[in-house]
Amino acid sequence: MNKAIQFPANFLWGSATSAYQIEGSPLADGAGASIWQRFCAVPGNVRDGDHGDIACDHYNRYKEDVALMVKLGLKAYRFSVSWSRILPQGRGAVNQAGLDFYSRLIDELLANGIEPMVTLYHWDLPAALDDRGGWLNPDIADWFTDYARVLFRAFDGRVKSWATLNEPWVVTDGGYLHGTLAPGHRNLHEAALASHNLMRAHGSAVKAYREEGKYQIGIVVNIEPKYPASQSQADLDATRRADAYMNRQYLDPIFLGAYPPEMKEIFGEAWPDWPAADFDLIGQKLDFVGINYYTRSVVRHEPAHWPLRVAPVRQTQATYTETGWEVFPQGLTDTLVNFKQRYGDTPLYVMENGSAFYDPPQAEDGRVHDPLRVSCLRKNMGALHAALELGVDLRGYMVWSLLDNLEWSLGFSKRFGIIHVNFETQQRTLKDSALLYADIVASNGACL
Ligand SMILES: CO[C@H](O)c1c[n+]2c([nH]1)[C@H](O)[C@@H](O)[C@H](O)[C@H]2CO
């Protein structure tokens, strides 16, 4: 980088995880099953038959993991709550032991000067609610809101930053359209309905927070900027469809009061005219938006690819991660600037950003050297700063992820952590990327 970087004085540096990916002990202390336990139990759903029964054993090792956050000097920690630990049946009776676990975690964070940032839903729906239709049942907006109220009443004040959903697009596209994620459905009509119910539930929980809470609430969405493979009208139209489906579908109804018109074009008769009242609910004012950024995609028109009619175009002169994502830091800057231009100056946090690369085994010096992840982190810092210089109201950055963890249907095969986890021994080892991140946090970016 050619000039010293300085981030805003109170820029919030942290890391992110999610419950099912790191906690283990999914049924401990009265917790109920989630759709991810069910999904992992079906042979073929998750690579190598991996599952979250142990994962990073964070449920038992949370104090050790908070100590590692302290070692890195983190100011914040974004984590999710497992709905079925709190409400084992998804609704009704509260499991106090589940609340107690998160209360202990929150107090451990606060005692160490780390701000807890809580995500209410990071994909692990209670199995009992899935039995009642899950995100396909319109009642789920009320179920989710009741769950949210339990957490608001228990933790608001100690927790001052809440996010309703993590990535409704992934929940819908993976869980209901392509079946690659729990609950594994493949149905265009269901995908549309689940997506809309997710947004209704989001709005309902935000509305409840205005009655229950005193601090800030938002949503976390994944944004993958789309770039046309050519300037042909067909490719430009494909780019527009892809952007509407993955990006604008979730932010437009919140900030602009309507879904992108492309949704009808993509879903056809599977996309109804949703009730106008739903948009009043979905459009609740937010205190922030969390952006998860990993990569961009260059796209072309492809009639054979249902229902989007879009195909990605691999870039020849680019680096790709183990998950097949192009390393493209400019896309992070573009994403943040595009948000400001389209939706205005709602405060933003990058709530996830990271990369999966193969990590060599521990070296003789006892360290885990991850040069490719270090390089990505450095480039993304430059992209963040460029967005700040362009006037984006960016408040913080949570690196994904604190720990190597269960990468959903890819199992433990993909490592995103800045801290290596030996899943046989549960030994944690700081990677070089963790050491760099600690320097970035300590110097507020000046070390770059
Ligand atoms: C489509 O990519 C998303 O932006 C995305 C990437 N990621 C995510 N969402 C999820 O929020 C995490 O649980 C994943 O572990 C993480 C890494 O795959």
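Not measured: the values here are computed from a predicted model. We count ligands from 1, going down the list as the structure has it; atoms in each ligand are counted the same way.
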Checking contacts here: is it the side chain or the backbone of [X] that comes within 4.0 Å of ligand 1, counting heavy atoms only? Could be both or neither.
X    : result
N166 : side chain
E224 : neither
E352 : side chain

Got more than 12 heavy atoms from elsewhere within 6.0 Å of CD, Q362? yes

How far is atom 15 (O) of ligand 1 from the closest protein heavy atom, and which atom is that?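 Protein heavy atom with the smallest distance to atom 15 (O) of ligand 1: E407 OE1, 2.7 Å.
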
Nearest non-hydrogen protein atom, atom 2 (O) of ligand 1: W325 CH2, 3.8 Å

N or O contact, W408 vs ligand 1, cut-off under 3.5 Å: yes

Give yes or no for whether the N/O distance cutoff of 3.5 Å, strictly under, is met between Q21 and ligand 1. yes

Should one rank Y294, W123, Y20, W400 by closest heavy-atom distance to atom 6 (C) of ligand 1, which comes out on top?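 Among Y294, W123, Y20, W400, the closest heavy atom to atom 6 (C) of ligand 1 belongs to Y294.
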
Please confirm whether Y227 and F328 have ring centers closer than 6.0 angstrom.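 For Y227 and F328, the ring centres are under 6.0 Å apart.
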
Are Y259 and H196, when compared by the centres of their aromatic rings, separated by less than 6.0 Å? yes

Give the atom numbers and elements of ligand 1 that come within less than 4.0 Å of a heavy atom of H122.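 Within the 4.0 Å cut-off of H122, ligand 1 contributes 10 (C), 11 (O), 12 (C), 13 (O).
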
Taking 4.0 angstrom as the limit and counting only heavy atoms of F416, give me the atoms of ligand 1 inside it, by number and element. 17 (C), 18 (O)

Does D252 come within less than 4.0 Å of R342, counting only side-chain N to carboxylate O? yes

Below 4.0 angstrom, N of the basic side chain to O of the carboxylate: do R415 and E322 qualify?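 Salt bridge between R415 and E322, a charged N being under 4.0 Å from a carboxylate O: no.
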
Going by ring pair (Phe, Tyr, Trp, His ring centres under 6.0 Å), name the residues that satisfy it together with H420, two or more places apart in sequence or in a different chain. none

Applying the ring pair (Phe, Tyr, Trp, His ring centres under 6.0 Å) criterion to W83, which one of Y102, W123, W36, Y147 satisfies it?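 Of all the options given, the one that passes is Y147.
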
